[in-house]
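Counting from 1, the numbers follow the sequence of the chain as shown.
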Amino acid sequence: MQNVIRIVDFHAPELDLYARLRETELLNRHEPEKGIFIAESPKVIERALDAGCKPLSFLAEEKYMEKEAKELLKRCGDIPVYTAGMEVLVQITGYKLTRGMLCAMKRPPLRSVEEICADASRIVVLEHVVNPTNVGAIFRSAAALNMDGVLLTPGCSDPLYRRSVRVSMGTVFQVPWTCLDESWKWPENGIKLLRSLGFRTAAMALTEDALPIDEICLCSEEKLAVILGTEGDGLASETIADCDYRVRIPMAQGVDSLNVAAASAVAFWELGKRENKPVCVPGKM
């Protein structure tokens, strides 16, 4: 039976975790095993629980305590449960929550690159993608469009930042992912590792030798890593040079490129087809 505590003051210490700790404090880089993330909305909380994430406390708008929150709380064990009116929750989130619920959860341990890639045929690599909205949107597209895992280079926004989790609709708990730590020398060591695991690499880049994304040899690759770069500047030149393929999305109306999140959806749709067609040799089209 949970301990239900009604909160009427936004400044109550029980809300520090939800309202006043910064994302970097929740992450706890010095002791990652103690890191925390915040899940918002019933669907996101449900997907986090399905993935085995451990809840630490729960905050819900009072009117939902006997509705959606009741079913979720049955899965949460003996944790503190805070209730508050919408006027308090709005101060925490800055906007009106739909079916207002938040859950603080323990961060799961990061997996190894080898584990993420073990049974995968399509991997996404994000290079210095710093906007949490874009990271969340990319995860949502990855889940929907046949990507098997995501790798993030140092400097990327954390997929478990609150906004990333929310924008992803909880798919960050469905798509396997991990981060390359600072000890990795990206791109050299990372691309070497991907090759050792059987992956060809495809850089999404606006270069003169880039193949159109619907080129038949790309979908025929048994294992392909799709590499997407930071907002604005795109991939680093050394990353582009090290990859097996340079790939572009044909544009119309004089538009030169898409936002990285939009480009990811197009790329995943096309490259996730895994078509059984003749294989081409990179650089010998």
Side-chain angles (χ1 to χ4, degrees), residues 1-111 132-133 135-137 139-140 143 157-177:
M1 184 71 178
Q2 288 97 359
N3 178 25
V4 179
I5 303 167
R6 186 169 184 268
I7 305 294
V8 296
D9 182 2
F10 171 70
H11 299 287
E14 292 89 347
L15 295 186
D16 286 349
L17 188 63
Y18 295 94
R20 285 173 282 280
L21 291 185
R22 295 172 296 178
E23 295 280 12
T24 52
E25 293 174 302
L26 293 175
L27 175 58
N28 199 348
R29 293 185 186 276
H30 297 296
E31 296 181 276
E33 69 279 0
K34 297 181 181 179
I36 295 170
F37 69 90
I38 306 296
E40 294 182 9
S41 84
K43 176 59 70 178
V44 171
I45 295 169
E46 180 182 25
R47 286 177 170 167
L49 291 170
D50 289 345
C53 295
K54 181 181 177 181
L56 299 174
S57 65
F58 198 97
L59 173 62
E61 188 180 356
E62 292 164 339
K63 68 180 181 180
Y64 294 114
M65 286 298 294
E66 294 300 320
K67 298 178 182 179
E68 293 96 328
K70 186 175 183 179
E71 294 304 310
L72 289 171
L73 286 171
K74 289 179 181 178
R75 304 178 58 185
C76 290
D78 187 16
I79 63 172
V81 177
Y82 308 117
T83 68
M86 178 55 71
E87 68 279 2
V88 174
L89 293 183
V90 166
Q91 291 182 75
I92 293 173
T93 61
Y95 55 89
K96 185 176 180 180
L97 282 169
T98 302
R99 294 181 296 170
M101 293 172 225
L102 301 97
C103 187
M105 294 185 163
K106 184 176 180 180
R107 292 179 66 93
L110 284 177
R111 306 184 193 186
T133 298
V135 170
F139 266 88
R140 191 170 181 178
S157 180
D158 185 349
L160 293 186
Y161 279 175
R162 188 182 302 189
R163 186 166 182 82
S164 294
V165 174
R166 183 173 70 248
V167 171
S168 81
M169 286 298 295
T171 55
V172 293
F173 308 114
Q174 297 177 313
V175 180
W177 62 272

Taking atom [atom1] of [X] and atom [atom2] of [Y], what is their separation to the nearest 0.5 Å?
X    : Y    : atom1 : atom2 : result
I7   : L59  : CD1   : CG    : 8.0 Å
L73  : I79  : CG    : CD1   : 6.5 Å
L72  : K43  : CG    : NZ    : 10.0 Å
L27  : Y161 : CG    : OH    : 5.5 Å
W177 : R111 : CH2   : CZ    : 10.0 Å
S57  : I38  : OG    : CD1   : 6.5 Å

If I compare all heavy atoms of [X] with all of [Y], which pair ends up nearest, and what's the gap?
X    : Y    : result
P159 : V165 : O-CG2, 3.4 Å
A60  : M101 : CB-CG, 4.0 Å
R75  : D50  : NH2-OD1, 2.8 Å

Quick one: does [X]'s side chain get under 4.5 Å of [Y]'s, heavy atoms only?
X    : Y    : value
F37  : L56  : no
L102 : R162 : yes
Y64  : P42  : no
M105 : I45  : yes
E40  : V44  : no
E46  : E71  : no
N28  : R107 : no
L49  : C76  : yes

Can you tell me if R47 uses its side chain to pair, donor with acceptor, with the backbone of M169 under 3.5 Å?
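Checked: pair present.
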
Between S164 (side chain only) and P132 (backbone N and O only), is there a donor and an acceptor less than 3.5 Å apart?
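Checked: pair present.
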
For the residue pair R166 / S41, report whether a side-chain donor-acceptor contact shorter than 3.5 Å exists.
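No donor-acceptor contact under 3.5 Å links the two side chains.
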
Determine, for R163 against E23, whether the closest basic-nitrogen to carboxylate-oxygen distance falls under 4.0 angstrom.
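No salt bridge links R163 with E23.
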
Is it the case that R20 places NZ or CZ above or below the six-membered ring of F10, under 6.0 angstrom from the centre and within 45 degrees of the axis?
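Output yes; distance and angle both within limits.
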
